[in-house]
Amino acid sequence: MPSYQTVLVWFRNDLRVRDNETLFRASEQAQTIVPIYIFDERQFGTTRFGFKKTGAFRAKFLLESVASLKHSLQALGSDLLIRIGKPEQLLPELARELGAQAIFFSEESTDEELAVEQNLKRALHAQSIKAHTFWQSTLYHKNDLPFSPEKLPDIFTTFRKQVEKLSKVRPTFPAPKNLSPLPPVERGTLPTLEQFGLTAPNLDTRAVLTFNGGEAEALKRLDDYFWKSDSLRRYKETRNGLLGANYSSKFSAWLANGSISPRTIYEAVKRYESERISNESTYWLVFELMWRDYFRFLSLKYGTRIFKQRGIKNKPISLSQDEEKFWAWAEGRTGIPFIDANMRELSATGFMSNRGRQNVASFLVKDLKVDWRMGAEWFESLLVDYDVASNYGNWNYVAGIGNDPREDRYFNPLRQAAMYDPNGEYVRHWIPELRALPAPFIHEPYQLSEMEARLYGVELGKDYPRPIVEIPSSK
């Protein structure tokens, strides 16, 4: 029998009806559930360094995802309330208006989101309204780890081996078959980008993929990558690619806002292994999901330290906040083609490969000696697949103040370009002014003599920037 007459289901980064424990448990325990999504106005402000906290690419993707969730709930007989404001203020007010006895919602792991949860719980307690929370953002549930988050190993390999040996992935939850109609209440309308001070981003035809938000699009991408293109069987070999839709899964955007759960992907991998092939590539996709888990648990262990310049190691690091160098990096005009191509792709599409992210982050910190937090906030603003824990965990890692067991790791962008873009196809794709250069010069144009530059129709400093820093040759 239902435990409650009416409950609110507050959707956060779990914008789906499949494998959503919050929705599933609420549908079991309440006679009437009222789903709601709140666009937190603080997420559309500015970062410490003055960038848009949520840029146009991710905002567009979020609006599409919320619209998709609303459609899914309507198909189940319910609907989605939409509000703009502060959840910890709006939810208690709505609960009081509707006479709700409880609010069900997903737990998060990072500072701003946890502060909202704590303030909400205090407000609900004052009104004698129950708060039921559920952990569902990771592949492995935090309660199933062989250690508490406070005892999380500081080396990923140690974490992975213990978890693989001692933990199991929980099964997914089915979507409810039907939901009760909403009581009389103002539904609210989906906001526009303009309401958040944003304009619709241009769709660049050079993009690796068109990212459309929502659970249906997430499941379509999974079907395309696993079953239609059969790309999973080659994932380990192709995952460091730079061009095209299927060098990697590109599930990250849908995972970031919870349009699909990591367990749904895991179960699809297991089915693929049963019906097609089980190999290093199928394992490696799960391996990458475990990295995502690890950063989420790391944020639980270290809290706000992941956002501080010294990072989780609390290690002194000498970096500047040189705006001239930063903007040269951000706008893709450092004069180092492999770096510039990746940054131009990010600005044009809201996406960049994992290989590119490692290189541009290393370049900003290790070559330009610029504060890694400026780069992390730039990624936060632009990335369609921005995830707080993964973004800051990776920046800590690359800056040498995170959980990398290797000291002074450095990505030489010239050597990396020679390895991963040997014919210069990626650089030419994003920097058309260098298309005439032969492969030996396309990654190291500053080695061109003035005569050679004229011969190939490239004038450094005019057609393409002169390098702002010298990089050791890849030879």
Should the ring pair F104 and Y4 be called parallel, tilted or perpendicular, given that the plane angle runs from 0 to 90° and is split at 30 and 60?
perpendicular
Separation between OG (S106) and CH2 (W10), nearest 0.5 Å, reads 9.5 Å
Could you walk me through whether Y294 and L152 pass the side-chain contact (heavy atoms from CB on, under 4.5 Å) test, one step at a time?
CA-CA 9 Å; Y294 185 63; L152 181 81; 3.7 Å; yes
One should read off an interatomic distance between S65 OG and Y37 OH, to the nearest 0.5 angstrom, of 8.5 Å
Taking D385 first and then R357, would you say they form a salt bridge - that is, a charged N and a carboxylate O separated by under 4.0 Å?
yes
Steps toward salt bridge (Lys or Arg N to Asp or Glu O under 4.0 Å) verdict (D230, R276)
CA-CA 9 Å; D230 205 25; R276 294 269 176 100; 3.0 Å; yes
F196 side chain near F39 side chain, heavy-atom distance below 4.5 Å:
yes
In a check of side-chain contact (heavy atoms from CB on, under 4.5 Å) between I82 and each of I38, V66, I36, L69, which one passes?
V66
Aromatic contact between F287 and F156, with the criterion being ring centroids under 6.0 Å apart: yes or no?
yes
Answer yes or no on whether R263 is positioned over the face of Y140, meaning its NZ or CZ is under 6.0 Å from the six-membered ring centre and within 45° of the axis.
no
Do R373 and W378 meet the cation-pi criteria used here (NZ or CZ under 6.0 Å from the six-membered ring centre, within 45° of the axis)?
no
Are I401 and I312 close enough that some pair of their side-chain heavy atoms sits under 4.5 Å apart?
no
From the list I129, L8, V116, side-chain contact (heavy atoms from CB on, under 4.5 Å) with L91 holds only for L8
If you apply the rule salt bridge (Lys or Arg N to Asp or Glu O under 4.0 Å), what do you find for D223 with K220, and how did you get there?
CA-CA 5 Å; D223 184 59; K220 179 177 179 291; over 6 Å; no
Trace of the ring pair (Phe, Tyr, Trp, His ring centres under 6.0 Å) decision for W329 with F326
CA-CA 5 Å; W329 173 84; F326 172 79; 5.6 Å; yes
I want to check something: taking the side chain as every heavy atom from C-beta on, are R355 and V360 in contact at a cut-off of under 4.5 Å?
no
Looking only at heavy atoms, what is the nearest atom pair of Y302 and I306, with distance?
CB-CG2, 4.3 Å
Centroid-centroid under 6.0 Å between F379 and Y386 rings
no
